[in-house]
Structures are given as structure tokens and as C-alpha cells.
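Following: one structure in C-alpha cells, then a few remarks.
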Protein chains: 2
Amino acid sequence: MGRRRQAVTIKHVAADAGVSLQTVSRVINNEPNVRPEMREKVQASIDRLGYVPSIAAQRMSGSRSYLILALNDRERTIADWRARQGTDWVDQMLLGGMLECAEHGYRLIFELVDTHNDHVERELTAAIAALQPDGAILTPPHSDNPKILAVLARHKVPFARIGAQTSEKGLPPGILVSMDDEGGARTATRHLLDLGHRRIGFISGPTEYRLAGKRVEGWRAEMEAAGLGVDGLLEAGDFTYQSGVRAARALLTRPDRPSAIIASNDQMALATVEIADELGLSIPADLSLVSFDNTPLVRFTRPALTAVDQPIADTTARAVRMLIASHRKPDADMGPVVMPMGFEIRGSTAPFGKGG
Amino acid sequence: MGRRRQAVTIKHVAADAGVSLQTVSRVINNEPNVRPEMREKVQASIDRLGYVPSIAAQRMSGSRSYLILALNDRERTIADWRARQGTDWVDQMLLGGMLECAEHGYRLIFELVDTHNDHVERELTAAIAALQPDGAILTPPHSDNPKILAVLARHKVPFARIGAQTSEKGLPPGILVSMDDEGGARTATRHLLDLGHRRIGFISGPTEYRLAGKRVEGWRAEMEAAGLGVDGLLEAGDFTYQSGVRAARALLTRPDRPSAIIASNDQMALATVEIADELGLSIPADLSLVSFDNTPLVRFTRPALTAVDQPIADTTARAVRMLIASHRKPDADMGPVVMPMGFEIRGSTAPFGKGG
DNA sequence: ATGAAAGCGCTAACAT
DNA sequence: ATGTTAGCGCTTTCAT
């Protein structure tokens with residue numbers, strides 16, 4: 001091997017430009033107190049020598065590491081990867097997060113952490129000690145995990161919480177970025193109401209995920225606004241296909257079965273497709289169906305599913321941007337940001353009564 | 001913010017254990033010349049204080065960075081992400097690569113690099129200077145890009161090339177890890193021969209990807225071994241859906257059309273499904289179809305497609321392992337490794353003559 | 001087998 | 001506006 005040294009260091013640049021290390025450093029970091037002509041001269045040397053600062057050295061000297069940690073749930077992520085069904089969440093996070101990081105000279109480091117595990121703290125502390133990240137992005141369900149928040153706070157790592165619920169007392173709230181789950185559910189419900197549906201069933205997600213509750217609220221609010229009750233129209237799922245099967249069967253075997261169903265995620269929507277098929281109900285003639293998330297899956301059913309679209313990439317990019325900005329101005333207003341959901345109308349929704 | 005310092009450093013451990021920094025360092029790095037009892041005492045302090053070395057400091061002092069770069073094609077990767085059809089390649093790389101890295105205390109850093117671009121060298125040099133990675137994993141088509149190989153060689157970054165073709169003269173060959181494209185094609189062909197098919201068409205990939213050629217070779221070899229000709233059975237595609245449409249139409253509108261087709265990737269296989277449908281050919285009754293890659297897509301067609309399965313996760317994990325091992329023993333034999341392909345039989349293949 | 005000293009590349013703090 | 005000094009946490013010499 002032979003120990004690899006930095007090919008071009010700040011010293012080379014300083015010598016080449018005939019200035020001190022400090023001046024070069026100031027130019028690199030866009031700091032004030034450098035005359036424009038100096039700045040240009042130094043920049044010319046940097047360009048000519050192809051100098052790029054070592055982030056290890058930058059970090060060592062007490063500055064930034066230019067590393068941002070993206071924390072995801074280990075168990076679920078690995079399960080998704082192994083299932084090989086197209087892991088939309090991760091892909092979209094990388095798309096939004098990596099590209100935004102790159103634009104600011106940062107890198108996103110994808111890190112898996114166990115939620116339901118005693119050594120979350122140990123794992124996370126190790127990652128922080130090893131990498132010294134400038135920030136962390138938390139995804140559900142980590143966003144609301146007090147242990148994780150506490151570790152980050154203790155190590156003074158700024159964090160952004162995607163889809164987080166509330167501020168934990170005694171802990172800094174972090175940067176809050178959410179997707180508009182309630183709004184998404186409202187849009188879906190209104191779409192179905194506009195199509196003439198009156199009995200609109202809803203399959204909810206697990207209470208562990210706060211966004212699941214928000215989706216229920218949106219649906220309920222819109223139903224009530226339309227003067228409709230929701231009795232017998234809500235079934236609890238837990239985001240798994242199996243739970244969707246159970247919930248869909250419960251809804252669709254009722255004597256007063258709904259003419260439309262909103263499922264809180266794609267897996268449960270696919271389960272609903274299966275049960276509808278099993279019961280001889282045709283989609284969308286006998287049953288309109290709206291899904292949540294809009295992962296790749298829903299485009300490959302026949303008909304393709306109308307779905308609420310989660311703007312994961314945009315949300316992650318926004319979180320990255322705010323994290324980096326907060327580093328510059330720690331006191332800037334980091335009030336909660338809510339990203340609007342999209343809505344893709346496909347073939348699984350149709351006017352009420354046109355078929356069944 | 002306030003400059004964040006390492007919470008627990010090697011100094012704390014040394015003080016706690018009552019030894020010198022050096023001894024602690026030796027324990028951390030599993031080096032010789034430490035008495036077992038010393039080692040234990042130090043390890044106890046490490047555990048108690050929860051000490052984890054800073055990779056920035058380790059890197060600064062001329063040791064490893066514990067970072068491995070995974071280089072992927074920017075354009076294609078971003079296009080896949082945006083298309084939102086389930087980016088299997090990236091997911092599987094992360095699954096195999098990240099987990100393997102984690103096991104050895106390394107991290108995988110996912111990096112996008114333009115292939116068709118003048119500043120590949122600049123981009124890559126910058127990444128190397130910034131991160132000082134201990135190794136890099138190249139995926140097609142980067143694996144055969146001489147510019148990239150040259151930059152890595154120049155900076156003495158060891159690299160593993162997935163699915164690479166040949167050693168470039170004057171450049172170190174790197175660690176070669178391939179998937180058995182020829183074997184996969186042979187398996188697929190044999191499967192169809194066993195089902196009684198005699199005219200088996202093949203849609204190839206672009207010559208830029210060397211694996212495309214390998215797949216053609218496997219098919220051709222197996223056909224010839226069965227005493228069958230391949231005239232009029234080979235059509236060139238380029239891995240895009242559109243090229244698959246063209247190729248499939250060319251094959252299926254011949255008077256002596258094949259009773260089975262092998263497509264070199266999933267997109268082209270889906271295109272073949274569409275054309276078969278358009279021509280009123282039922283799958284698998286009138287046409288058997290085998291796909292390559294086994295991305296999520298092929299499970300959502302009706303019928304689901306029989307497919308050759310690329311072991312991307314295993315291959316990446318293997319590359320990581322060899323890269324790390326080579327660091328320990330630079331002279332170890334890094335002969336080419338070929339990972340076997342899988343084969344998933346689904347509903348798109350059936351015995352010849354049972355329907356059409 | 002252990003320890004002490006020097007230095008990696010960079011920036012914060014302090015001159016000038 | 002610029003330069004000098006000290007030190008970040010660790011590993012590599014080089015002693016002992």
C-alpha cells in the first residue's frame with residue numbers, strides 16, 4: 001500500500017500563490033477579509049493545481065465534516081431490499097438528499113439504525129464519534145424516537161425530523177419537515193366525493209407512525225364536512241399486506257359495504273385489490289380505490305391505482321437545505337415546514353354507480 | 001454551534017487505563033506487542049468509556065479512512081430514480097455493499113460520476129481528495145472506463161471492477177468480480193430447449209456493455225450445442241424499452257417467428273410483452289419469454305416473467321470483502337471471481353406447442 | 001513490550 | 001487585510 005498522502009495540500013497552494021495558509025483557507029471557506037485580487041490569485045492556484053480540501057483535515061481542525069447522516073430503520077429497510085419490490089423510500093431519499101448535499105459540497109451518508117433495540121444509543125454514538133457528521137436526517141419512525149433525539153442533542157449534532165410529531169420536553173425540537181398527510185387524505189377523499197361516492201372506507205396505518213393518524217384525520221374531516229358519517233368505515237391496518245387483507249375483507253363483506261376505499265399505503269391497497277378480486281368486485285366498476293405513497297408497485301396493477309404521492313425527494317432535499325442553512329445561521333427561523341402531497345389519478349377510481 | 005470536540009478520545013482511554021496513547025492505538029488496531037493483560041485492561045477502558053476512534057483523525061495520521069466509494073453512472077441512476085420504477089441495482093448494491101462494509105467497520109459512500117463527460121477526471125479526483133477512500137467499487141459501464149481506472153491508479157486507490165472486461169494495458173487490473181452472464185444465458189436457453197422450443201429468439205444489449213455480448217454468447221453456444229442454428233433469431237437492442245419494441249416486432253413478425261424469446265434485460269422483456277399482446281400472441285401459450293436481471297418489474301406483469309437473476313447484492317458484498325482483504329495483504333491472489341446467476345421460473349415459459 | 005516525539009492538513013485564535 | 005501559532009486525534013517513526 002504505502003501511506004497515501006494528500007497529493008495537493010493547502011501548503012502547495014499557499015506556496016504557489018505566494019500567500020499564507022490562512023489566506024488560502026479564507027478563500028476556500030469564502031470568508032471575508034481577503035482583497036478581491038488576492039482571492040483571484042489564490043483561486044487561480046487552486047484551479048491550476050486541482051486542489052480540493054481534505055474533509056478529514058477540515059474536521060480535525062474543528063470545522064465542518066461536510067457529512068450528513070441519513071438515519072433509516074434498519075429492519076424495515078433491509079426487509080424491503082430483500083423483498084426486492086422496489087424500495088422507493090430509500091431511492092427517493094437518496095435522489096433528493098444526495099443531490100442537494102452535492103450541491104453544497106456535502107455528502108449524505110446512509111446509515112441504518114435499529115429502532116426496537118437496546119443499543120440504539122451505542123450504535124448511534126459510535127456513528128457520530130466515527131464520522132462527526134454536521135447533521136442528521138431522521139425518518140419515521142426514528143423522527144419521534146426520544147433516545148435518538150437525546151443522543152443527537154447530547155453530541156450537539158443538529159437534526160431534521162421528517163414527519164415528526166411533537167417536540168419532546170427537555171429536548172431541542174430540531175428542524176421539522178413534514179409531508180401533508182392530512183391534506184393528502186383530504187384530497188383523496190374529496191376526489192371520491194366528487195365522483196359521487198358516499199360510503200368511503202379507510203384502512204389506517206399503525207399508531208406508531210404518527211402520519212397514519214394524520215391520514216385518518218384528513219379523511220374524517222372531509223367526510224364530516226360533507227355531512228357524512230364514518231361509522232363502520234374505518235379499519236385498522238399496520239402497513240403490511242396481511243393487515244390490508246384483513247381490513248379490506250372486513251370492509252367489503254359488510255352488508256353496507258363502501259363503494260370506495262382509501263388505503264393508507266400501497267401494500268394495503270394491493271391487498272384490497274386481491275380481496276376485491278376474491279369477492280368478485282371489479283375495480284373501478286364496483287369499487288373505487290385510492291392508495292397512499294405512490295411507490296412503483298401501483299403502476300403495475302390492472303388498472304393502475306389512483307394514488308396520493310409522497311414527495312419524498314423534495315422533502316429530503318428541503319431537510320438537507322435547512323440543516324446546512326442552520327449551520328450558517330443557528331438562530332434562523334426553522335419553523336415547521338409542510339410539503340404538499342401530490343395526487344395521481346389513474347384507472348382505479350370511477351364515478352359511483354356506473355358499474356355496480 | 002460551538003466547535004464540537006470528540007467526546008472521548010484516545011487520551012481519555014490512555015489515562016483511564018494508565019497506559020500510553022500508543023498502547024491504546026495498538027489495541028484498537030489489533031497490533032502485536034501488547035501483553036494480553038494490557039490488552040484486556042485497555043479494552044475494558046474502551047468499553048466503559050464508550051470510545052470509538054475518529055476516522056478523520058485516523059485518516060489524518062496516515063492510516064485508513066474506512067471509507068469505500070461506490071461509483072455509479074450519474075445519468076442513468078438519476079434517470080432511474082426519477083422514473084420511479086424501483087431502482088433495483090442501487091438498492092441491491094447498498095444491501096450487499098453497506099452491510100458488508102458495516103461488518104468490517106467500513107462505510108460505503110455512494111457516489112455518482114458522469115461517464116460521458118469531459119470532467120470525469122476532475123470529479124473523481126475531487127472525491128478522492130475530499131474523502132481519501134480506502135477503495136472504490138466500479139459498476140458498469142464505469143468498470144471499463146480507462147479514464148476512471150487511470151485516476152484511481154494514479155491516486156493509489158485500490159479498486160474492484162464489477163463485470164469488467166479486460167485489463168487495460170499500463171493500468172493495474174484491479175479486483176475483477178463478475179456475474180456469470182454467459183452461464184445465465186445458457187441456463188435460460190436450456191430451460192427453453194427442455195420445454196421443447198427449437199426456435200429461440202434473442203434480444204441483445206448494447207455493445208458498450210460487455211456483459212451484453214456474454215449473454216449472446218451463452219445463448220448461441222447452447223443453441224449450437226443442441227444442433228440448432230440461430231439465423232434470423234438475433235436482434236440488437238440497447239436495454240431501452242423502445243429498442244425492445246423494435247426488436248420484438250422484428251422477431252415476431254417473421255414468417256418463421258420464434259416460439260420463445262430471451263430478452264437481455266427487463267425493459268426489453270416488457271416491451272416484448274407489449275408487442276406479443278399487440279400481435280395477438282398469448283404468453284406463454286403462443287410465446288415463451290425469459291427476461292434478464294429480475295428487477296421488481298417482472299413480478300407485476302401477468303403472467304409474471306421467468307427470469308435470470310443477477311446476484312447484485314452478493315457480488316457487491318464480495319467486491320467489498322476482497323477490497324478490504326487486499327488492504328491487509330496487497331499481494332494476495334485476487335484472481336477473477338465469477339458469481340453464479342440465479343434463475344426464477346415463473347409463468348411466462350411453457351412447453352412448446354401446448355397452445356399456439 | 002512499552003513509551004515519547006513528530007507530524008498528517010487544516011482552521012480558530014491571536015497577532016500585526 | 002494578512003500572517004503566525006497552536007492544536008484537533010491519531011499513527012508512525014524512533015527510543016527505551
Side-chain angles (χ1 to χ4, degrees), chain A residues 1-42 46 49 51-67 105 126 128-132 134 327, chain B residues 1-42 46 49 51-67 105 126 128-132 134 327:
Chain A
M1 292 301 320
R3 10 183 318 153
R4 271 177 292 113
R5 280 239 208 45
Q6 198 81 336
V8 182
T9 73
I10 197 171
K11 278 188 193 167
H12 299 99
V13 176
D16 185 87
V19 299
S20 74
L21 301 184
Q22 199 41 237
T23 302
V24 179
S25 175
R26 286 188 179 110
V27 172
I28 297 168
N29 297 296
N30 254 310
E31 278 169 19
N33 296 338
V34 184
R35 284 203 322 260
E37 52 196 279
M38 278 265 87
R39 196 177 289 277
E40 271 180 42
K41 191 164 68 174
V42 171
I46 289 175
L49 300 177
Y51 167 72
V52 176
S54 150
I55 65 168
Q58 291 187 126
R59 173 60 246 180
M60 279 305 294
S61 61
S63 157
R64 281 156 290 182
S65 66
Y66 295 98
L67 261 27
I128 292 171
L131 297 169
Q132 314 245 85
D134 288 341
H327 194 277
Chain B
M1 293 300 321
R3 11 185 319 156
R4 271 176 291 113
R5 282 240 209 44
Q6 198 81 336
V8 182
T9 74
I10 198 172
K11 279 187 193 168
H12 298 99
V13 177
D16 186 86
V19 299
S20 74
L21 300 185
Q22 202 37 238
T23 303
V24 178
S25 176
R26 287 188 180 110
V27 171
I28 296 168
N29 296 294
N30 254 310
E31 279 169 18
N33 296 338
V34 184
R35 286 203 320 262
E37 50 194 280
M38 278 265 88
R39 195 178 291 277
E40 270 180 43
K41 192 165 70 174
V42 172
I46 289 176
L49 299 177
Y51 167 72
V52 176
S54 151
I55 65 166
Q58 291 186 125
R59 174 60 246 179
M60 279 303 296
S61 59
S63 157
R64 280 157 292 183
S65 66
Y66 294 97
L67 261 26
I128 292 171
L131 297 169
Q132 313 245 84
D134 288 341
H327 195 276

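Basis for what follows: all heavy atoms, side chains included, without hydrogens, waters or symmetry-related copies. Reminder, nothing fancy here: chain letters follow the sequence lines and each chain counts from 1.
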Practice prompt. Tell me, please, which residues at least two apart from A/Tyr51 pass ring pair (Phe, Tyr, Trp, His ring centres under 6.0 Å).
Written response: none

Item to complete: Specify the separation, in whole Å, of atom OH of A/Tyr51 and atom C1' of C/dT11.
Response: 10 Å

Item to complete: Please name all residues satisfying side chain to side chain donor-acceptor pair (under 3.5 Å) with A/Thr9, sequence neighbours left out, ordered by chain then number.
Response: A/His12

Worksheet item: In whole angstrom, what separates B/Glu31's CD from C/dT2's C1'?
Response: 13 Å

Response to the item:
Axis-to-axis angle for the helix from C/dA1-D/dT16 to C/dT16-D/dA1, ends of five pairs each, to 10°, equals 40°

Worksheet item: Can a side chain N or O of B/Ser25 be found less than 4.0 Å away from OP1 or OP2 on D/dT11?
Response: yes

Discussion item. By nearest atom, which of the nucleotides C/dC10, D/dG9, D/dT11 is closest to the B/Asn29 side chain?
Written reply: D/dT11

Worksheet entry | Closest heavy-atom pair and its distance - B/Arg59, A/Ala56 | CG-CB, 3.9 Å

Residues 22-40 of chain B side chain polar contacts: donor-acceptor under 3.5 Å, at least two apart:
from    : atom 1 : to      : atom 2 : distance (Å)
B/Thr23 : OG1    : B/Ser20 : OG     : 3.3
B/Asn29 : ND2    : B/Ser25 : O      : 2.9
B/Arg39 : NH2    : B/Glu31 : O      : 2.8

Item to complete: Check side chain to side chain donor-acceptor pair (under 3.5 Å) between B/Gln6 and all other residues, then give those that pass, not counting sequence neighbours.
Response: A/Gln132

Worksheet item: Going from CG on B/Leu49 to CD1 on B/Ile10, what distance comes out if it is rounded to the nearest 0.5 angstrom?
Response: 12.0 Å

Worksheet entry | Integer-rounded Å distance: D/dG9 C1' and A/Gln58 CD | 16 Å

Close N/O contacts between protein and nucleotides 1-3 of chain D (under 3.5 Å):
from  : atom 1 : to      : atom 2 : distance (Å)
D/dA1 : OP2    : A/Asn33 : OD1    : 2.5
D/dT2 : OP1    : A/Arg35 : NH1    : 2.7
D/dT2 : OP1    : A/Arg35 : NH2    : 3.4
D/dT2 : OP2    : A/Arg35 : N      : 2.6
D/dT2 : O4     : A/Arg26 : NH2    : 3.4
D/dG3 : OP2    : A/Ser20 : N      : 2.9
D/dG3 : OP2    : A/Ser20 : OG     : 2.9
D/dG3 : OP2    : A/Thr23 : OG1    : 2.7
D/dG3 : O6     : A/Arg26 : NH2    : 2.9

Worksheet item: What integer distance in Å separates A/Met60:CE from D/dT11:P?
Response: 11 Å

Worksheet item: Out of curiosity, B/Ser65 OG to B/Ile128 CD1, how far, rounded to the nearest 0.5 Å?
Response: 11.0 Å

Item to complete: In whole angstrom, give the distance that lies between atom CD1 of B/Ile46 and atom P of D/dC10.
Response: 10 Å

Worksheet item: In whole Å, what is the span from the NE2 atom of A/His12 to the C1' atom of C/dC8?
Response: 13 Å

Worksheet item: Rounded to the Å, how far apart are B/Arg59 CZ and D/dT11 C1'?
Response: 11 Å

Worksheet item: Which value, rounded to the nearest 0.5 Å, describes the distance between B/Met60 atom CE and A/Ser54 atom OG?
Response: 6.0 Å

Fill in: Non-hydrogen atoms of A/Ala17 and A/Lys41 that approach each other most closely
O-CE, 3.3 Å

Response to the item:
note: B/Ile10, atom CD1; C/dA4, atom C1'; distance rounded to Å ~ 14 Å

